[in-house]
Amino acid sequence: MEKKRWDCSALPKGWKMEEVTRKSGLSAGKSDVYYFSPSGKKFRSKPQLARYLGNQMDLSSFDFRTGKMLMSKLNKNRQRLRYDHNNQNKGKPDLNTSLPVRQTASIFKQPVTKVTNHPNNKVKTDPQKAVDQPRQLFWEKKLGGLNAYDIAEELVKTMELPKGLQGVGPGCTDKTLLSAIASALHTSAAPITGQLSAAVEKNPGVWLNTAQPLCKAFIVTDEDIRKQEELVYSVRKRLEEALMADMLAHVEEATTEGEPLKEEGNGSEDMETV
């Protein structure tokens with residue numbers, strides 16, 4: 001091996017650079033570079049050298065193989081530092097005191113105010129956004145297996161649908177049909193008519209109208225409306241009777257509790273008379 005050592009002008013005073021060249025073997029002609037501190041400590045890599053010097057010197061532009069500072073990297077670092085410093089000086093504090101708002105699309109319809117004060121204002125509409133967003137087919141099946149329980153943890157009986165309502169689609173049950181009708185009544189302003197197309201029974205995945213519930217087309221007759229009115233009247237009558245019975249029970253209970261108190265009062269008066 002051939003060793004050459006000399007002072008490294010790029011590092012602080014007292015630092016030396018050593019180059020070791022191999023003369024024989026498979027790696028003949030290759031050389032390794034080492035650095036020695038003034039105290040004689042040996043460094044084999046640039047990271048070791050940077051950790052040892054710490055904040056004493058910036059080695060970002062230092063070439064470990066040649067022991068020199070690369071002027072191109074040095075100029076780039078200076079320009080970057082100058083640019084960062086200027087940007088920090090130009091920065092202005094954010095004086096906005098409004099609360100942050102999530103910039104996500106809402107599932108509920110939001111009112112929109114159209115401003116046309118300026119004569120050059122033009123309202124543009126996107127035809128793709130104007131079309132209703134696609135809906136998942138047979139989403140009602142996700143609610144399968146879910147049941148409602150009352151406060152006593154007893155299963156609430158599912159309401160019975162009229163016989164004229166017949167479900168459409170794979171695995172459509174009365175509970176699925178009830179969920180579909182309830183959702184259509186709450187989310188759609190259009191009349192509920194059911195699936196008007198007869199082809200939906202052959203291939204529901206193609207001919208299904210997602211705006212209508214999963215049931216065949218039906219017609220609400222005057223007889224159906226009359227029966228529903230009678231049912232509502234009967235339920236209201238039973239509720240009225242239950243409330244009246246509860247009120248009479250409270251009155252009777254209050255009267256029963258007041259009589260013993262009155263008798264005790266009369267006994268105390270007799271004792272005072274004696």
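- For residues 16-35, the set of pairs meeting the ring pair (Phe, Tyr, Trp, His ring centres under 6.0 Å) definition, not counting sequence neighbours, comprises Y35-F62, Y35-F64.
- Taking all atoms of both residues into account, the shortest heavy-atom contact from V20 to K3 is CG2-CG, 3.9 Å.
- Rounded to the nearest 0.5 angstrom, Y52 OH and L59 CG are separated by 13.0 Å.
- K216 NZ to Q166 CD: the interatomic distance, rounded to the nearest 0.5 Å, is 4.5 Å.
- Put simply, the side chain of Q48 gets close to the backbone of R44: a donor and an acceptor are under 3.5 Å apart.
- Here the CG atom belonging to L49 is positioned 8.5 Å from the CE atom belonging to M57, to the nearest 0.5 angstrom.
- Crowding of E230 atom CD: a count of heavy atoms from other residues, nucleotides or ligands under 6.0 Å exceeding 12.
- The minimum heavy-atom distance linking C8 with G67 is given by the pair SG-O, 3.5 Å.
- Checked against side chain to side chain contact (heavy atoms under 4.5 Å, CB included), E229 has the following partners two or more places apart in sequence or in another chain: I225.
- Interatomic distance, CE of M244 versus CE of M247, reported as 4.0 Å (0.5 Å rounding).
- Put simply, the side chain of S183 never gets that close to the backbone of S179: no donor and acceptor are under 3.5 Å apart.
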Would you tabulate the side-chain donor-acceptor contacts of residues 9-19 under 3.5 Å, counting partners in other chains and residues two or more places apart, or write 'none'?
from: K16; atom 1: NZ; to: D7; atom 2: OD1; distance (Å): 2.5
from: E18; atom 1: OE2; to: R5; atom 2: NE; distance (Å): 3.3
from: E18; atom 1: OE2; to: R5; atom 2: NH2; distance (Å): 2.8
from: E19; atom 1: OE2; to: S31; atom 2: OG; distance (Å): 3.4

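- In this structure, S37 and F43 approach most closely via the heavy-atom pair CB-CE1, 4.0 Å.
- Side-chain heavy atoms closer than 4.5 Å link hydrophobic residues (I, L, V, M, F, W, Y) into clusters, and following such links, even through other members, never connects L177 to V156.
- Q195 places no side-chain N or O within donor-acceptor distance of the main-chain N or O of L208, the cut-off being under 3.5 Å.
- Taking all atoms of both residues into account, the shortest heavy-atom contact from L214 to A180 is N-CB, 3.8 Å.
- Residue pairs satisfying the salt bridge (Lys or Arg N to Asp or Glu O under 4.0 Å) criterion with at least one member in residues 24-42, sequence neighbours excluded, are listed as follows: R22-D32.
- Annotation: N203, atom CG; neighbour count of heavy atoms from other residues, nucleotides and ligands within 6.0 Å is above 12.
- Cluster annotation: V168 is not connected to I219 through the hydrophobic network of ILVMFWY side chains, with a link wherever side-chain heavy atoms come within less than 4.5 Å.
- Every residue meeting the side chain to side chain contact (heavy atoms under 4.5 Å, CB included) condition with L185, not counting sequence neighbours, appears here in chain and number order: I181, I192.
- Annotation: side chain of L196 is not in contact with side chain of N209 (no heavy-atom distance under 4.5 Å).
- Residue pairs meeting the salt bridge (Lys or Arg N to Asp or Glu O under 4.0 Å) criterion with at least one member in residues 232-250: none, sequence neighbours excluded.
- From R65, atom CZ reaches atom CG of D63 across 8.5 Å, with rounding to the nearest 0.5 Å.
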